[in-house]
Amino acid sequence: MAKRLNALSPEQVQFFADHGYLHLKGVFSPTETDRLAEELDWQIGTWANASPGWSGGWRQVYMDPETEKASKLVALHDLHRYSRAWCDAVCHPPLAGAVADLIGPNVELHHTTLHAKPPQTGHPFPMHQDWAFYKHVGQRFVDCLVHLDDTNDTNGCIRILDGSHRNGSLAHVESNPDGSACTPHLPTDAWRLDDTVPVPASRGDVVIFHYHAVHGSRINQTDRVRRMVRIGYRDPENVQFAGQSKGRPGLMVWGRRPRSEGQQVFPTTI
Ligand SMILES: O=C(O)CCC(=O)C(=O)O
């Protein structure tokens with residue numbers, strides 16, 4: 001018997017299985033998106049950090065020296081800890097239900113991350129898998145990009161290497177030639193942004209992709225900020241062994257947390 005789906009059609013589930021990503025239109029209504037954008041702007045003004053962004057030799061390949069010096073990324077992790085609106089967003093049933101259709105029946109929030117690309121100099125992203133930032137053993141992990149602005153290639157929409165999730169996890173460049181650490185990325189000579197599919201989207205849309213899907217984005221060349229928030233979700237039984245937020249239990253946004261043999265309850269102090 002066919003699996004009963006919560007939010008997606010069988011065709012959408014198949015598209016994700018084949019391509020490693022899925023574009024969902026209008027997941028958040030214009031009113032919901034306005035509220036999220038307003039809260040995000042408050043967070044950007046109050047808590048977020050503007051920095052040169054990701055490090056590594058890829059910067060010299062993607063940007064000329066002047067742009068590279070000026071390039072900035074505004075980022076903040078775990079927005080749901082700072083505004084109720086973003087707490088609602090991570091549990092939003094049309095989104096959580098769609099994720100349950102792809103990796104469920106049980107879905108745990110792993111993190112939220114803001115990436116705002118400032119006008120003109122907003123940071124491009126080199127080709128990478130998100131798996132390299134939060135390494136887990138299994139397949140059941142998706143990232144969802146919530147769009148607060150319309151995107152296209154000129155302001156740096158997400159670009160995905162079609163079907164690349166089927167390669168599994170890949171070794172990333174994680175250090176510079178002098179041995180110092182850099183942000184994980186794939187070698188620029190073998191993995192090219194030009195080979196990816198642009199996925200332009202509208203405010204309120206969500207682009208979901210598998211954490212093994214190779215992706216990146218171009219610099220923001222417009223005179224307006226491009227705001228996007230990534231929400232990472234996993235099957236609570238997909239065990240993390242390295243990276244961001246390792247060992248931190250998240251909210252259950254769909255289903256239940258199964259108990260494995262001998263598993264202890266979470267401590268109440270840290
Ligand atoms: O914000 C972007 O353009 C790229 C985002 C990205 O690569 C990611 O969230 O992993």
Side-chain angles (χ1 to χ4, degrees), residues 20-23 37 40 44 48-56 58-59 62-63 71-79 86 89-90 99 109-136 141-162 164-165 169-170 172-174 182-186 188 191-193 195-203 205-222 224-234 243-245:
Y21 72 94
L22 183 64
H23 181 175
L40 191 62
I44 289 173
N49 171 37
S51 77
W54 291 14
S55 60
W58 67 270
R59 293 179 70 94
Y62 277 63
M63 295 179 273
S71 183
K72 287 268 177 301
L73 177 67
V74 176
L76 179 68
H77 292 295
D78 297 319
L79 320 193
W86 281 94
V90 301
V99 173
L109 173 70
H110 180 262
H111 70 273
T112 56
T113 294
L114 159 70
H115 282 160
K117 296 188 183 198
Q120 309 295 346
T121 59
H123 187 280
F125 283 85
M127 298 282 272
H128 65 281
Q129 296 176 318
D130 284 356
W131 174 86
F133 291 77
Y134 22 87
K135 296 176 179 168
H136 289 65
F141 194 120
V142 291
D143 280 314
C144 301
L145 297 177
V146 180
H147 287 66
L148 286 313
D149 295 296
D150 295 350
T151 62
N152 52 48
D153 232 13
T154 314
N155 69 357
C157 67
I158 193 70
R159 298 186 62 109
I160 298 178
L161 191 61
D162 196 349
S164 54
H165 62 303
S169 58
L170 299 166
H172 283 61
V173 179
E174 299 195 19
C182 69
T183 311
H185 60 280
L186 290 165
T188 50
W191 300 89
R192 290 160 16 95
L193 210 45
D195 297 330
T196 57
V197 185
V199 190
S202 304
R203 291 182 97 227
D205 289 2
V206 174
V207 176
I208 304 184
F209 57 93
H210 191 282
Y211 76 164
H212 289 153
V214 173
H215 61 283
S217 63
R218 299 194 196 283
I219 198 162
N220 180 6
Q221 299 172 56
T222 69
R224 303 191 60 171
V225 65
R226 192 235 62 184
R227 298 160 300 172
M228 215 184 243
V229 171
R230 186 181 68 233
I231 309 180
Y233 296 105
R234 67 182 169 201
Q244 179 185 330
S245 309

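When a ligand or atom number is given, it counts from 1 through the structure's own listing order.
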Inset, instruction - Can you pull out the closest protein heavy atom to atom 4 (C) of ligand 1? Residue, atom name and distance to 0.1 Å, please. - result: Phe125 CD1, 3.4 Å
Inset, instruction - Using a strict 4.0 Å cut-off to heavy atoms of Ser217, name the atoms of ligand 1 that fall inside it. - result: 2 (C), 3 (O), 4 (C)
Legend entry - Pair Trp58 + His123: ring centers closer than 6.0 Å: yes
Legend entry - Numbered atoms of ligand 1 (with element) below 4.0 Å of Asp130, judged on heavy atoms: 8 (C), 10 (O)
Inset, instruction - Would you mind checking which non-hydrogen protein atom is closest to atom 7 (O) of ligand 1, with the distance to 0.1 Å? - result: His128 CE1, 3.0 Å
Inset, instruction - Kindly state whether the ring of His172 and the ring of His185 have centres lying under 6.0 angstrom apart. - result: no
Legend entry - Validation row: Thr113, Gln244 side chains within 4.5 angstrom (heavy atoms): yes
Inset, instruction - Indicate the atoms forming the closest heavy-atom contact of Asn152 with Thr154, along with that distance. - result: OD1-N, 2.8 Å
Legend entry - ligand 1 versus Arg159: contacting region, heavy-atom distance under 4.0 Å: neither
Inset, instruction - Give the numbers and elements of all ligand 1 atoms closer than 4.0 Å to a heavy atom of Lys117. - result: 3 (O)
Inset, instruction - Provide, to 0.1 Å, the distance between atom 1 (O) of ligand 1 and the closest protein heavy atom, together with that atom's residue and name. - result: Arg226 NH2, 2.9 Å
Inset, instruction - Can you sort out which atoms of ligand 1 are near Arg230, meaning under 4.0 Å from one of its heavy atoms? - result: 8 (C), 9 (O), 10 (O)
Inset, instruction - Compare all side-chain heavy atoms of Met127 with those of Leu193 and state whether any distance is below 4.5 angstrom. - result: yes
Legend entry - Ion pair Arg227/Asp149, N-O distance below 4.0 Å: yes
Inset, instruction - Identify, for atom 6 (C) of ligand 1, the protein heavy atom at the shortest distance, and state residue, atom and that distance. - result: His215 NE2, 3.7 Å
Legend entry - Passing candidate, ring pair (Phe, Tyr, Trp, His ring centres under 6.0 Å) with His110, options Trp131, Phe133, Tyr134, Tyr233: Tyr134
Inset, instruction - Starting at OH of Tyr21, measure out to NE2 of His215 and round the result to the nearest 0.5 Å. - result: 13.5 Å
Legend entry - Closest approach of any protein heavy atom to atom 5 (C) of ligand 1, naming residue and atom: His115 ND1, 3.6 Å
Inset, instruction - Could you say whether the N/O atoms of Trp54 and ligand 1 ever approach to under 3.5 Å? - result: no
